[in-house]
Amino acid sequence: MKKKQPERVAETVNRKRDQITRNLRTDTVAPEYDEALQIMEEHLRSRKKRCTIERRFILKALYQLNSPVDIYTLHKMVCADEGTVALTTVYNTLDLLVELKLANRLELVSRGMTFFERTLGQEPHGFVICEKCGSIKVLRKLQVLQKFESQLPKGFLPEAYTLQIHGLCAKCQRAVSKKSNNNSQNNN
């Protein structure tokens, strides 16, 4: 019986990259992904940097989502889909995407957390954030923004909006209500 020759490392890596590249083209992402990828590639090329597979994975993952995501969840998504990607690479790539205005950084002051969302193809919107469970819902088509825009100084051009409404979601309200009812019954 012939002994199987071990594959060369380079062949294995190239085959894996080919497979990954095919997956990048076939996965469902926002229609603006191609434009965002082109902007990122041109920026990196102009600075004589490579548009690595890892950077593409991170951009693709972000443009597959319709809601904000924290960095650790995004890191888990990228690693689950595409293998190991360093957390530092995710941080650095997100910083690049924010710099290029391909992503927004959302600081949730009360929770001390940072979330990211794609920007291309997004209309101005706000967020409803549950203070107990941390769930985030996106508010679309905000008419209230028109009122704010009418109060801006003449000639001021807004680049981004952040509207955050903090409170308790219905599920957490039920849990708090149930807990307070149990406590009042135990005290009787």
Non-hydrogen atoms of A36 and L102 that approach each other most closely: O-CD1, 3.5 Å

With V90, the side-chain contact (heavy atoms from CB on, under 4.5 Å) member among N92, T93, L94: L94

Interatomic distance, L120 atom CG to E35 atom CD [nearest 0.5 angstrom]: 5.0 Å

Any donor-acceptor N/O pair, H43 side chain to L97 backbone, under 3.5 Å: no

From Y33 atom OH to Q38 atom CD, the distance as rounded to the nearest 0.5 Å: 12.0 Å

Over all atoms of both residues, closest heavy-atom pair of L44 and C51: CD1-CA, 3.7 Å

Straight-line distance of F115 CZ to E107 CD, nearest 0.5 Å: 10.5 Å

Spacing of CG belonging to D95 relative to CG belonging to L100, to within rounding of 0.5 Å: 11.0 Å

Donor-acceptor contact present, side-chain R118 to main-chain L65, <3.5 Å: yes

OH on Y72 to NE2 on H75, rounded to 0.5 Å: 10.0 Å

V128 reachable from L168 in the ILVMFWY side-chain graph, under 4.5 Å edges: no

Minimal non-hydrogen separation, A103 against L62, with atom names: CB-CD2, 3.7 Å

Given D34, L37, T119, the one that forms side-chain contact (heavy atoms from CB on, under 4.5 Å) with Y63: T119

Partner of E41 under side-chain contact (heavy atoms from CB on, under 4.5 Å), chosen from R56, R50, R55: R56

Exercise: identify the closest heavy-atom pair between C169 and C130: N-SG, 3.3 Å

Closest contact, heavy atoms only, F116 versus I71: CE1-CB, 4.5 Å

Rounded distance [0.5 Å steps], CE in M40 versus NZ in K49: 12.5 Å

